[in-house]
Amino acid sequence: MTFHSLILLLADCLRTSILVTGLVIIMMMLIEVFNLRSEGRMMGSLGRRRVWQVILSSLLGSVPGCMGGFASVSMYNHGMISFGALVAMMIASSGDEAFVMLAMFPEQSAWIFLLLFVVAVVVGLVINVFHKGATENDTCHSMEVHAEDVNHAHEHECRHFGWKRIVLILGTLLFIAALLMGLLEEGGDESDCTSFSLLSEEWMYWLFSILSLVLIAVLCFAKDHFVEEHLWHHIVCHHLPGILAWTAGTVFVVGLLMQSLDLNAWISDNTAIMILLAALVGLIPESGPHLVFVTMFAAGVVPMPVLLASCVSQDGHASLPLLAESRSSWLKAKLVNLIVALAIGYISLSVGF
């Protein structure tokens with residue numbers, strides 16, 4: 001590896017880490033806000049409806065890109081959805097490659113996403129039958145509502161612009177600026193921010209910019225207790241370092257491997273082997289490797305069963321925050337993904353799909 005390629009890899013690692021961590025942290029903070037406003041009823045209501053957990057998580061996974069997956073992982077890490085719902089999201093999600101699929105073969109992509117959604121719901125419900133616990137033991141269960149949060153007697157007191165609140169506001173503003181200026185997109189500031197397309201993630205960046213503005217409004221008016229205990233100590237101090245470190249480390253290692261391995265050299269005419277290869281490559285927690293199979297399918301090099309196995313197995317960046325919070329959950333979920341991907345691939349091959 002040359003010095004120039006190493007610099008490019010480090011720059012991409014930094015960009016991806018900031019993007020993933022920022023989106024996840026914004027989502028986690030908003031979940032805290034919504035749970036507080038409902039005085040804990042949101043988490044309790046969702047926890048009692050395990051079927052709806054699976055359906056909601058599958059729908060979030062069906063959203064092109066990784067943002068819906070981040071939302072499901074955030075809810076799982078907060079103990080709000082079951083392991084079956086988490087797996088359902090990972091099966092339904094096709095990561096950033098979903099945008100490419102929509103652009104290259106939109107009609108077939110729509111049917112693929114529908115099939116993934118149905119498979120995700122069925123698998124999620126089956127897992128919930130055998131997996132009774134809400135979440136794994138090592139995930140976060142800190143969304144309790146404190147007495148200070150629901151005491152409305154002094155609604156307009158205990159609000160001071162201390163350094164923690166200011167840091168949160170400034171950090172959110174910088175994240176919004178980076179999103180809207182295209183600094184966190186592939187290619188950095190070379191992206192054209194004057195154009196808008198539903199077949200890109202730009203509309204998602206605008207959506208999260210709006211959500212970030214909502215968070216800033218909350219930060220301006222929330223009580224000191226909520227800002228310091230729920231947002232600063234719980235999310236920033238407890239979650240942010242691990243998510244950032246694991247995301248950066250994983251992206252860097254995967255980048256090194258991708259530069260030393262040529263997946264195109266592995267292509268053969270044996271469809272059965274290609275299904276296995278697609279399912280295994282899909283285990284990589286990164287958007288990019290799956291694109292090989294998308295482009296080969298669009299070019300007619302590989303059949304539909306290979307693409308289906310890849311879509312089921314991979315979930316782009318969505319599982320990176322889960323890897324940071326709970327390695328055991330990540331391993332179990334990816335194992336289920338692999339099994340389902342192989343089953344779907346070989347069944348579709350046997351029926352001539």
Counting C-beta onward and ignoring hydrogens, is there a side-chain heavy-atom pair between [X] and [Y] closer than 4.5 Å?
X	Y	value
M75	L60	yes
I169	C220	yes
S62	L116	no
N337	Q314	no
R327	L322	no
I339	L335	yes
S94	F113	yes
L168	V236	yes

Not counting sequence neighbours, which residues clear side-chain hydrogen bond (donor to acceptor under 3.5 Å, both in side chains) with W330? List them please. S319

Under a 3.5 Å distance rule, please check whether [X] uses its side chain to pair with a backbone N or O of [Y] as donor and acceptor.
X	Y	result
S310	G282	no
R165	V227	no
T21	I18	no
S348	I344	yes

Can you get from [X] to [Y] by hopping between Ile, Leu, Val, Met, Phe, Trp and Tyr side chains that sit under 4.5 Å apart?
X	Y	value
I347	V119	no
F208	I210	no
F3	L8	no
I26	L213	yes
L19	L14	yes

Determine whether M304 and I112 satisfy the following criterion, side chain to side chain contact (heavy atoms under 4.5 Å, CB included), listing intermediate values before the conclusion. CA-CA 9 Å; M304 178 66 76; I112 291 173; 3.8 Å; yes

Can you name the closest pair of heavy atoms from [X] and [Y] and give their distance?
X	Y	answer
L307	F293	CD1-O, 4.2 Å
G84	V54	C-CG2, 4.3 Å
I81	A85	CB-CB, 4.0 Å
M274	V302	CE-CG1, 4.0 Å
S82	Y76	O-CD1, 3.8 Å
S17	C13	OG-O, 2.6 Å

Considering residues at least two apart in sequence or located in another chain, which fulfil the salt bridge (Lys or Arg N to Asp or Glu O under 4.0 Å) criterion with K164? none

Audit row: V73, M89, side chain to side chain contact (heavy atoms under 4.5 Å, CB included) steps and yes/no: CA-CA 9 Å; V73 172; M89 178 278 295; 3.7 Å; yes

Please assess I91 against V87 for the test side chain to side chain contact (heavy atoms under 4.5 Å, CB included), listing each intermediate value before the final yes or no. CA-CA 6 Å; I91 292 175; V87 172; 3.9 Å; yes

Hydrogens and angles aside, do S57 and S72 bring a side-chain donor and acceptor to less than 3.5 Å of each other?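 Yes - a donor-acceptor pair under 3.5 Å links their side chains.
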
Could you tell me the separation between the [atom1] atom of [X] and the [atom2] atom of [Y], rounded to the nearest 0.5 Å?
X	Y	atom1	atom2	answer
S58	Q53	OG	CD	11.0 Å
D315	L283	CG	CG	9.0 Å
S74	I25	OG	CD1	8.0 Å
H225	H230	NE2	NE2	4.0 Å
L280	I275	CG	CD1	12.0 Å
F161	I166	CZ	CD1	7.5 Å

Here's a test for you: under side-chain contact (heavy atoms from CB on, under 4.5 Å), which of L180, L179, L174 qualifies with I176?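 In the set L180, L179, L174, the residue that makes a side-chain contact (heavy atoms from CB on, under 4.5 Å) with I176 is L180.
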
When you look at S209 and S212, which way does the side-chain hydrogen bond (donor to acceptor under 3.5 Å, both in side chains) test go after all the steps? CA-CA 5 Å; S209 297; S212 298; 5.9 Å; no

Are the aromatic rings of F297 and F105 close, with centres under 6.0 Å apart?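 Centroid separation for F297 and F105: below 6.0 Å.
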
Checking W163 against V167 for the side chain to side chain contact (heavy atoms under 4.5 Å, CB included) test, could you report, in this order, the C-alpha distance in whole Å, the side-chain angles of both residues, the deciding distance, and whether it holds? CA-CA 6 Å; W163 69 271; V167 168; 4.0 Å; yes

